[in-house]
Visitor: 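Handing you a structure now.
The first residue of the sequence shown is numbered 1, and numbering continues consecutively from there. Start at 1 and go down the list; that is how both ligands and their atoms are numbered.
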Amino acid sequence: MEKILITGAIGQIGSELTMALRERYGKENVIATDIRMPTDVDLRDQGPFEFLDCLDPHHITRVMQIYQVDTIYHLAAILSAVGEAKPNQAWMVNVNGLYNILEAARQYHCALFVPSSIGAFGRSTPKDKTPQDTIQRPDTMYGVSKVTGELICDYYHKRFGLDSRGVRFPGLISYETEPGGGTTDYAVEIFFEALKHKKYTCYLKEDTSLDMMYMPDAITAMIQLMEADPSRLKHRNAFNVTAMNFTPAQLAEEIRKHIPEFEIEYSVDPIRQEIADSWPNSLDDSAAREEWGWNPKYSMAALTKDMLDKITERIELPSEQKSR
Ligand code: NAD
Ligand code: SER
């Protein structure tokens, strides 16, 4: 029987992963944890929730003992833009927090999923169709912490036989929970602003090309990788995965197919632009496709339609706008 612990479960990914894992493995078998209390009633009440700081190693092992945990999805982290504003905190949470989780997973023989990011690449990485195995010299604290995470997870697999697995996610787009302070957050905000105000001011340049993925595909990727036959995995930490690629201008054009009056303006934030410019234009995810069958469903067109439909159902719009 799987007993799954999720750290950072209130975040953009965790809030949706928790519900998906509860659906798949049973509500009582998925323990959601975070340093914030959930405001979402389903997340809070439909299964166990524990306040858990990944910087507290004793508390981690206590919670694992109580619930007899055998699998961990470690999502607690500081994202790229916040990481540049608070590099010390980013190192503490992303590296020291991960170390505590790795040690607990080693002691209790748990399988461990840890997401890396396109942020693990840097300016000297080949920018187009970035290969699975290539140069990784990022110059952001987020990127440095993500490369460190990939290396230490591989080390624990090689040295201690820990079943650690991970993916390098591109920007993730979703409507359930706000993103936590990354460089790709514009690709979520733009949908809410398009529906509310028919206008969006983007902090990245119009031609900034980045890979992206819709959250349902990201959830599938995590579960599919953790359920994959280990004998097929030549890589572990971490697999390139991607679903689509676009610039802010191209996304705005796609939104205009549904909201013709939509306008986009640009007011570039130099810090987030510099981070985005250091990341790949696009990833080669053939290793994930070959080793565990990765095959995303959502294109930019399908994602745009679904985001607009789902957000429309959720937000209060003046009645004339609802007839979009
Ligand atoms: P998020 O910021 O939305 O959520 C992170 C959660 O971690 C928050 O709920 C926060 O309260 C919690 N947290 C922070 N410090 C903690 C601590 N000390 N102990 C326990 N919890 C703590 O982030 P997310 O978007 O859900 O990202 C989850 C993981 O996926 C991260 O490792 C991130 O780098 C990676 N990732 C995300 C994206 C994306 O676009 N969202 C893309 C690539 C990789
Ligand atoms: N979406 C994430 C960020 O922008 C990528 O890791 O930080």
Side-chain angles (χ1 to χ4, degrees), residues 5-18 32-40 43 49-57 59-60 63 72-86 89-101 113-121 138 140-150 153 166-174 176-189 203-204 208 210-215 217-219 221-222 237-243 269 271-273 275-276 278-280 283:
L5 180 96
I6 307 176
T7 69
I10 312 254
Q12 189 193 5
I13 301 178
S15 55
E16 297 202 38
L17 180 67
T18 300
T33 73
D34 205 299
I35 50 167
R36 299 180 287 153
M37 290 305 287
T39 48
D40 181 276
L43 188 68
F49 179 86
E50 293 281 343
F51 181 92
L52 184 63
D53 186 342
C54 68
L55 297 177
D56 181 347
H59 197 185
I60 295 169
V63 170
I72 304 173
Y73 286 77
H74 178 53
L75 305 179
I78 304 296
L79 272 75
S80 59
V82 178
E84 279 316 279
K86 300 174 183 171
Q89 194 190 350
W91 178 266
M92 295 286 286
V93 176
N94 297 2
V95 179
N96 297 359
L98 170 59
Y99 180 77
N100 292 337
I101 292 291
F113 175 85
V114 181
S116 185
S117 159
I118 48 172
F121 298 114
T140 62
M141 180 52 91
Y142 181 68
V144 169
S145 71
K146 285 291 165 189
V147 177
T148 307
E150 291 185 11
C153 286
V167 296
R168 295 182 187 125
F169 275 134
L172 298 182
I173 300 172
S174 65
E176 291 279 358
T177 303
E178 272 184 38
T183 301
T184 57
D185 295 8
Y186 92 83
V188 173
E189 294 164 5
Y203 56 78
L204 293 182
T208 308
L210 290 169
D211 274 8
M212 299 279 175
M213 186 184 294
Y214 199 25
M215 191 60 82
D217 278 330
I219 302 292
M222 291 182 272
N237 301 283
F239 285 92
N240 286 0
V241 286
T242 186
D269 168 8
I271 294 176
R272 284 180 287 187
Q273 185 66 51
I275 296 173
S278 75
W279 291 354
L283 296 184

Visitor: Within the 4.0 Å heavy-atom shell around D53, which atoms of ligand 1 are there?
Guide: 17 (C), 18 (N), 19 (N)
Visitor: Under the side chain to side chain contact (heavy atoms under 4.5 Å, CB included) criterion, do M37 and I10 qualify, and how do the steps go?
Guide: CA-CA 8 Å; M37 290 305 287; I10 312 254; 6.0 Å; no
Visitor: Quick one: which ligand 1 atoms are inside 4.0 Å of a heavy atom on R36?
Guide: 8 (C), 9 (O), 11 (O)
Visitor: Between E150 and R168, does the salt bridge (charged side-chain N to carboxylate O under 4.0 Å, His left out) criterion hold? Intermediate values first, please.
Guide: CA-CA 9 Å; E150 291 185 11; R168 295 182 187 125; 2.8 Å; yes
Visitor: Any idea which atoms of ligand 1 are less than 4.0 Å away from a heavy-atom of L52?
Guide: 19 (N), 20 (C)
Visitor: Please list, by chain and number, the protein residues whose heavy atoms come under 4.0 Å of ligand 2.
Guide: L79, S80, S117, Y142, G182, T183, T184, W279
Visitor: What are the atoms of ligand 1, with element, lying closer than 4.0 Å to any heavy atom of S116?
Guide: 43 (C), 44 (C)
Visitor: Under the salt bridge (charged side-chain N to carboxylate O under 4.0 Å, His left out) rule, collect the residues that match up with E50, sequence neighbours excluded.
Guide: none
Visitor: Under 3.5 Å, is there a donor on one side chain and an acceptor on the other for S80 and T183?
Guide: yes
Visitor: Can you list the atoms of ligand 1 that are under 4.0 Å from a heavy atom of G8?
Guide: 6 (C), 7 (O), 12 (C)
Visitor: Considering only heavy atoms, which of P115, S174, G149 lies nearest to atom 35 (C) of ligand 1?
Guide: P115
Visitor: Quick one: which ligand 1 atoms are inside 4.0 Å of a heavy atom on P170?
Guide: 40 (O), 42 (C), 43 (C)
